[in-house]
Amino acid sequence: MNDLYNPQEIERIAQEYWEAHQCFQADEKSNKTKFYCLSMFPYPSGYLHMGHVRNYTIGDVIARFQRMQGKNVMQPMGWDAFGLPAENAAIQNKIPPAEWTYKNIAYMRTQFKRMGFAYDWSREITTCDPKYYRWEQWFFVKLFEKGLVYKKNAEVNWDPVDQTILANEQVVDGRGWRSGALVERREIPQWFLKITAYADELLNDIDTLEQWPDQVRAMQRNWIGRSEGTEVIFPISNSDVKLTIFTTRPDTLFGVTYIALAPQHPLAKQAAEKNPALQQFLDECRNIKVAEADLATMPKKGVNTGLTAVHPLTNEIIPIWVANFVLMEYGAGAVMAVPAHDQRDHDFAKQYHLSIKQVITPLDDSAWDFSKAAFVDDGKLIHSQTFDNLESEKACAAITDALIAANKGQRKINFRLRDWSVSRQRYWGTPIPIVNCPTCGAVGEKNLPVVLPENIQFTGVSSPLKTMPEFYKTTCPKCGGPAERETDTFDTFFESSWYYARFACKNLETAMLDERANYWVPVDQYIGGIEHAVMHLLYARFMHKLLRDEGLVNSDEPFKRLLTQGMVLNQGIKMSKSIGNTVEPAPLIDRYGTDTVRLFSIFAAPPEQNLEWSDSGVEGAHRFLKRVWALAYENREALEKENKALKANTSRFKTIQWENTDAKQRNVLRQVYEILEQAQYDYDRLQFNTVVSGCMKLLNLLTKIPEATHAEADIQLYIIHTGISILLRLLAPIAPHITHQLWQDLHFENAMIDATWPASSKSALKMDHVELVVQINGKLRSRIQAPSDADQKTLEQIALADAKVQHAMAEQVVKKVIVVPGKLINIVAGAKS
RNA sequence: GCCCGGGUGGCGGAAUUGGUAGACGCAAGGGACUUAAAAUCCCUCGGGAGGUGACUCCCGUGCCGGUUCGACUCCGGCCUCGGGCACCA
């Protein structure tokens with residue numbers, strides 16, 4: 001052992017030890033409780049950044065902590081290897097996406113290994129590997145045969161110059177990022193998965209996810225957006241066509257003054273054929289990006305179609321408009337507008353001078369100025385024929401019943417959630433295993449995998465697959481006749497929605513999953529960025545239910561406990577290449593070692609919050625580790641000797657007479673155990689930054705143990721021995737290398753990786769006296785000492801007898817005393833009445 | 001625009017969930033050691049006022065209001081920063 005902390009050397013030694021003993025290879029044969037710890041796998045962008053370091057350190061701390069709790073831990077790692085950046089790199093550097101991706105993976109793997117993460121590398125998954133995606137293709141064909149897959153038209157961002165489809169992020173100010181051309185919405189046929197068929201279950205099961213953050217559960221609920229309402233049929237005047245709309249406020253039906261259609265609504269398109277102004281408006285709407293945020297923030301506009309509808313209950317004639325804010329994807333792509341009782345309808349009505357008709361009046365009969373705003377709350381009906389005087393809730397039911405009786409409507413549950421579009425018109429993705437046969441139609445491919453050709457030229461104009469007859473020309477699996485493959489590929493969310501299960505049986509070649517998946521899944525702890533709170537997690541939950549219904553897993557949910565960690569910021573803004581404020585982990589590891597970088601990223605902020613980068617904070621973390629090393633070195637000989645004596649059962653620790661020892665010494669030992677208890681609590685609630693604080697406190701305590709008399713030498717050594725053994729084990733999940741080395745050098749039992757978690761000590765924690773705070777009217781006035789078993793009356797008496805309390809009370813009288821045992825006494829005082 | 005979070009010293013954050021605001025660390029200032037520097041160690045450190053002094057008092061958790069014996073914590077209304085919004089992952 002060296003008296004200087006040399007991280008590079010000890011980190012190499014520790015990692016070699018773990019490797020040689022295959023410490024992190026998980027199997028299913030253990031009789032310990034299993035614990036599956038999974039961090040969201042990364043996109044292999046090329047190098048490890050601080051966000052990765054933080055994310056994966058958090059996961060590793062949990063995995064190592066659980067292992068020390070005696071669990072059979074599996075912590076795997078893999079690569080979410082398909083995606084847009086590889087195509088962009090291919091255009092820029094003229095390298096095939098596959099080559100670029102594999103090179104990145106190889107480099108990033110070495111960086112991960114350097115971090116000392118406790119991964120079972122034998123389970124590594126790469127999603128662009130046909131051995132992985134063939135099962136995804138197989139499963140898709142199953143779903144296709146089950147009728148859970150269908151094709152329909154959907155809108156995409158179309159770049160007319162590059163002749164390609166753009167991702168939302170590739171559209172900048174309405175123009176293609178490379179060509180600069182005005183982007184258009186274009187309808188193309190796409191494959192969809194029927195996630196809406198599982199909407200109710202996905203919504204209801206959120207209640208079972210008790211160990212997910214409430215925030216994420218709320219976001220998922222809102223995304224699914226279940227709403228109960230009524231479908232109302234409005235016949236079009238002088239036509240057989242009937243227009244269907246969905247509303248959650250049928251009580252306002254008599255206040256409808258116009259109907260608004262989505263620009264993509266078939267009726268709008270039909271009306272535009274004879275209406276050039278309308279056609280121009282529809283064309284204008286084609287220049288809006290597909291993203292909902294763009295739709296919602298642009299100025300509200302509309303055009304009158306000239307068509308009218310007939311009110312189903314009054315037979316009034318109602319004008320039909322087209323409005324750019326109506327979503328074709330939601331409800332029926334048309335809304336009944338009630339400007340008196342809906343703010344957006346109100347704004348639109350004022351803008352285009354449409355009439356506003358009040359049908360709801362506030363319950364307290366207060367006046368409302370409808371020229372200023374809509375009255376959107378529930379109330380009492382007026383101007384609604386026989387429904388007058390009904391309150392909103394009852395009126396909704398009554399009006400819906402009347403519509404049903406008249407055959408003009410029905411009850412309807414609507415979801416905001418839309419079916420999952422899994423087609424991407426991109427090259428670098430999993431080929432969709434569908435063959436289009438001129439006689440049989442779309443047929444699922446039987447001969448799997450459909451391998452993506454990797455050695456290609458990628459230019460960014462269209463997908464190379466579309467120009468490769470050797471790829472798309474095939475024969476129909478059904479009739480054997482000539483046919484063509486789909487050239488679209490899957491959304492990369494598809495790969496990331498089932499990888500967690502495949503880690504259980506990565507090399508399985510005869511099936512997608514086997515019984516091992518049921519051993520490991522559900523994941524006990526899933527860790528990832530809050531940016532994945534809705535889409536990734538919802539798709540993975542959906543996929544899990546599909547796997548269950550196919551008999552491949554036997555649980556309902558994939559992730560038992562979820563931790564969503566914050567981002568790494570530098571000077572208050574997200575670290576990013578484009579802003580140029582990134583901090584490279586590699587040079588820091590070279591300089592301070594992995595343990596320092598891990599320690600800092602754990603200590604600087606709680607996992608769920610954003611982390612502010614600080615160079616001097618890293619120095620501080622390093623300083624702490626050096627002090628830990630120094631403390632161990634100072635006590636090395638004594639501890640080594642004592643540990644050997646403990647093994648030989650000749651230690652004098654057993655003979656210590658605690659009752660007769662100085663209170664100062666017992667006090668130190670009590671604090672050691674208080675810190676241990678707190679750290680345990682913090683580990684359990686995943687607040688690791690305060691675990692580090694606790695370790696720092698413990699170190700400070702152990703370096704300042706009060707001078708012991710000669711007779712207390714054994715006691716002092718006992719405290720040091722206990723303190724250091726607890727400190728090293730508390731720190732081991734966070735800084736595994738230094739603790740591995742010190743544990744060994746001080747001759748503690750076993751290797752640190754196999755050490756057991758420290759047990760608490762009730763006797764050491766026991767206190768005769770406690771300090772309580774005395775408040776007067778909630779303000780801190782004094783502190784008192786009291787026996788820890790004193791009752792409320794006694795505490796009250798001690799508090800009132802206190803000199804400072806008496807001084808502060810002066811002329812006031814006691815009105816009430818509140819006693820919080822072990823904490824405080826609050827005296828409610830006031831002037832004599 | 002809609003949904004979901006965050007806001008506490010000069011800075012990162014703590015306060016076990018309504019009970020001592022500022023733990024722990026960083027930065028800063030002062031001191032020790034050193035020929036010097038680095039490293040290390042010790043002390044001070046939210047703001048204001050008073051006292052020679054151990055100390056005492058007042059203010060203070062984005063802003064305004066409320067509930068409570070007591071509010072960083074709960075409720076209502078704002079301001080502000082961030083995440084997501086279906087083809088970035």
Side-chain angles (χ1 to χ4, degrees), chain A residues 40 42-43 45 80 82-85 88 154 156-157 165-171 190 213-216 218-219 221-223 225 290-298 300 325 329 344 416-421 423-426 491-493 496 529-536 538-539 564 566-567 569 572-574 600 603-606 608-621 623-624 626-627 630 677-678 681-682 685 687 689-690 692-697 700 703 771-780 783 804 807 815-818 820 823-829:
Chain A
M40 291 178 186
Y43 180 80
S45 55
D80 190 12
F82 277 134
L84 200 54
N88 296 338
V156 293
N157 302 311
I165 282 133
L166 300 176
N168 280 327
E169 69 159 16
Q170 295 175 312
V171 182
Q190 314 222 50
D214 287 339
Q215 171 197 4
V216 175
M219 285 161 88
R221 275 191 200 100
N222 292 332
W223 183 266
V290 176
E292 189 187 317
D294 291 81
L295 209 62
T297 48
M298 73 197 167
K300 310 274 177 285
F325 57 84
E329 291 88 357
R344 197 172 52 182
R416 203 189 78 94
L417 180 68
R418 309 199 295 256
D419 277 337
W420 178 11
S421 158
S423 314
R424 296 293 179 270
Q425 295 68 45
R426 305 202 175 279
D491 176 9
T492 57
F493 274 127
S496 58
I530 186 67
E531 67 273 21
H532 296 295
V534 178
M535 303 187 65
H536 161 64
L538 190 69
Y539 291 141
T564 50
M567 299 178 304
L569 312 179
I573 43 173
K574 189 177 174 167
F600 172 75
F603 179 56
E608 302 217 312
Q609 275 182 40
N610 289 341
L611 181 151
E612 182 64 45
W613 184 257
S614 158
D615 289 326
S616 53
V618 178
E619 295 262 7
R623 197 147 47 217
F624 167 71
K626 279 199 286 191
R627 291 180 60 211
E677 295 245 308
Q678 181 67 46
Y681 176 79
D682 289 338
R685 62 174 176 154
Q687 191 176 285
N689 55 324
T690 46
V692 177
S693 298
C695 290
M696 288 170 169
K697 262 188 208 172
N700 292 342
T703 50
E771 190 185 75
L772 289 102
V773 160
V774 185
Q775 299 181 336
I776 295 172
N777 292 332
K779 285 194 178 180
L780 177 73
R783 292 162 204 275
K804 281 181 190 166
H807 176 253
K815 297 205 161 159
K816 194 174 163 187
V817 180
I818 285 144
V820 182
K823 287 243 162 105
L824 64 72
I825 299 154
N826 187 19
I827 300 163
V828 185

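Bear in mind that the values here come from a model prediction, so they are computed numbers and not experimental data. Chain identifiers are assigned alphabetically (A, B, ...) following the order of the sequence lines, protein sequences preceding nucleic acid strands; residue numbering begins at 1 within each chain.
Within the model, atoms CG of A/Asn826 and CG of A/Asn777 stand 7.0 Å from one another, a figure rounded to the nearest 0.5 Å. Interatomic distance, CG of A/Asn222 versus CG of A/Leu417, reported as 12.5 Å (0.5 Å rounding). To the nearest 0.5 angstrom, A/Lys823 atom NZ is 12.0 Å from A/Gln775 atom CD. A distance of 6.5 Å separates OG1 in A/Thr690 from CD in A/Gln678, rounded to the nearest 0.5 Å. Rounding to the nearest 0.5 angstrom, the gap separating the CG atom in A/Asn157 from the CD1 atom in A/Ile165 is 9.0 Å. Residue A/Arg627 holds its CZ atom at 5.0 Å from CG of A/Asn700, rounded to the nearest 0.5 Å.
Here A/Leu84 lies in heavy-atom contact (under 4.0 Å) with sugar-phosphate atoms only. Base contact: A/Gln190 has a heavy atom under 4.0 Å from a base atom. Base engagement by A/Asn826 is indicated by at least one non-hydrogen atom pair under 4.0 Å involving a base atom. No contact: A/Leu295 has no heavy atom under 4.0 Å from any strand. Using a 4.0 Å heavy-atom criterion, one finds that A/Pro606 contacts the sugar-phosphate atoms exclusively. Counting non-hydrogen atoms under 4.0 angstrom, A/Phe325 reaches nothing in the nucleic acid. As judged by a 4.0 angstrom heavy-atom cut-off over every strand, A/Ala293 is placed among the base-contacting residues. Base contact: A/Trp223 has a heavy atom under 4.0 Å from a base atom. Contacts of A/Lys300 with the nucleic acid, taken as non-hydrogen atoms under 4.0 Å apart, are absent. Nucleic acid contact class of A/Ser496 (heavy atoms, under 4.0 Å, all strands): none.
Side-chain N/O atoms of A/Gln190 and A/Gln425 include a donor and acceptor closer than 3.5 Å. There is no side-chain donor-acceptor pair under 3.5 Å between A/Asp80 and A/Ser496.
The separation between A/Ile825 atom CD1 and B/U20 atom P is 14 Å, rounded to whole Å. One interatomic measurement links the two molecules: CZ of A/Arg221 to C1' of B/C85, which rounds to 19 Å at whole-angstrom precision. The distance between atom CD of A/Glu329 and atom P of B/C87, rounded to the nearest whole Å, is 10 Å. Atom pair A/Glu292:CD and B/G1:P shows a separation of 14 Å (rounding to whole Å applied). Atom CZ of A/Phe82 and atom P of B/C88 are 17 Å apart (whole Å). Rounded to an integer number of Å, the gap from CZ of A/Phe624 to C1' of B/G12 is 17 Å. With rounding to whole Å, A/Glu771 atom CD is found 13 Å from B/U20 atom P. Taking atom CG of residue A/Asp294 and atom P of nucleotide B/C87, one finds them 14 Å apart after rounding to whole Å.
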Close N or O pairs between protein and nucleotides 21-31 of chain B (under 3.5 Å):
{"unit_1": "B/A23", "atom_1": "O2'", "unit_2": "A/Lys697", "atom_2": "NZ", "d": "2.9"}
{"unit_1": "B/A23", "atom_1": "N1", "unit_2": "A/Ser693", "atom_2": "OG", "d": "3.3"}
{"unit_1": "B/G25", "atom_1": "OP1", "unit_2": "A/Asn700", "atom_2": "ND2", "d": "3.1"}
{"unit_1": "B/C26", "atom_1": "OP1", "unit_2": "A/Arg623", "atom_2": "NE", "d": "3.1"}
{"unit_1": "B/C26", "atom_1": "OP1", "unit_2": "A/Arg623", "atom_2": "NH2", "d": "2.7"}
{"unit_1": "B/C26", "atom_1": "O2'", "unit_2": "A/Ser616", "atom_2": "OG", "d": "2.6"}
{"unit_1": "B/A27", "atom_1": "OP2", "unit_2": "A/Arg623", "atom_2": "NH2", "d": "3.4"}

What's touching nucleotides 58-61 of chain B from the protein side, N or O pairs under 3.5 Å?
{"unit_1": "B/C58", "atom_1": "OP1", "unit_2": "A/Arg781", "atom_2": "NH2", "d": "3.4"}
{"unit_1": "B/C58", "atom_1": "OP2", "unit_2": "A/Arg781", "atom_2": "NH1", "d": "3.4"}
{"unit_1": "B/C59", "atom_1": "OP2", "unit_2": "A/Lys779", "atom_2": "NZ", "d": "3.2"}

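Close to B/C87, at under 4.0 Å from its OP1 or OP2, lies a side-chain N or O of A/Arg424. Between A/Lys626 and the phosphate of B/A39, there is no side-chain N or O to OP1/OP2 separation shorter than 4.0 Å.
Between the side chain of A/Arg426 and the base of B/C87, a donor-acceptor pair under 3.5 Å is found. For B/U16, the base has a donor-acceptor partner in the side chain of A/Gln678 [N/O atoms by modelled type, under 3.5 angstrom].
As rounded to the nearest Å, B/C72 and B/G19 have P atoms that lie 10 Å from one another. Nucleotides B/C55 and B/G6 are separated by 38 Å at their P atoms, to the nearest Å. Taking atom P in both B/U73 and B/G18, one finds a spacing of 11 Å when rounded to whole Å. Taking atom C1' on both nucleotides, B/A14 is separated from B/G9 by 13 Å, rounded to a whole Å. Straight-line distance between the P atoms of B/A15 and B/G22: roughly 13 Å, to the nearest whole Å. Straight-line distance between the P atoms of B/A27 and B/U80: roughly 35 Å, to the nearest whole Å. When the P atom is used for both B/G5 and B/C75, the distance is 11 Å, rounded to whole Å. Between the C1' atoms of B/G46 and B/A38, the separation comes to 33 Å (whole Å).
When distances run from any side-chain atom of A/Gln687 to the nucleotides B/A89, B/A14, B/C87, the shortest one goes to B/A14. In the set B/C4, B/C69, B/C88, B/C4 carries the atom at the smallest distance from any side-chain atom of A/Asn222.
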| task | Using a 3.5 Å limit on both pairing distances, list the dot-bracket string of RNA chain B from the 5' end; Watson-Crick and G-U wobble pairs count, crossing pairs take [ ], interstrand pairs take |. | result | (((((((..(((......[....))).(((((.......))))).(((((....)))))..(((((..]....))))))))))))....
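Both A/Asp419 and A/Thr297 lie near RNA chain B, and the one whose nearest nucleotide falls closer to the 5' end is A/Thr297. Nearer the 5' end of RNA chain B, as judged by each residue's closest nucleotide, is the contact made by A/Val820, out of A/Val820 and A/Asp491.
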| Stepwise, does the side chain to side chain contact (heavy atoms under 4.5 Å, CB included) test hold for A/Thr492 with A/Tyr43? | CA-CA 10 Å; A/Thr492 57; A/Tyr43 180 80; over 6 Å; no
| request: List the steps, then state whether side chain to side chain contact (heavy atoms under 4.5 Å, CB included) holds for A/Leu84 with A/Gln170. | output: CA-CA 10 Å; A/Leu84 200 54; A/Gln170 295 175 312; 3.8 Å; yes
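A/Arg783 is linked by a salt bridge (Lys or Arg N to Asp or Glu O under 4.0 Å) to A/Glu771, counting only residues two or more places apart in sequence or in another chain. Legend: residues meeting ring pair (Phe, Tyr, Trp, His ring centres under 6.0 Å) with A/Trp223, ordered by chain and number and at least two apart, are absent.
When side chains are defined from C-beta on, A/Asn610 does not count as touching A/Glu612, because their heavy atoms never get closer than 4.5 Å. Between A/Phe600 and A/Trp613 there is a side-chain heavy-atom pair separated by less than 4.5 Å.
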| message | At under 4.0 Å between heavy atoms, how does the protein contact nucleotides 74-83 of chain B? Give one character per nucleotide, 5' to 3', with B, S or -. | response | --------SB
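Because its glycosidic torsion is within 90° of 0, B/G9 is reported here as syn.
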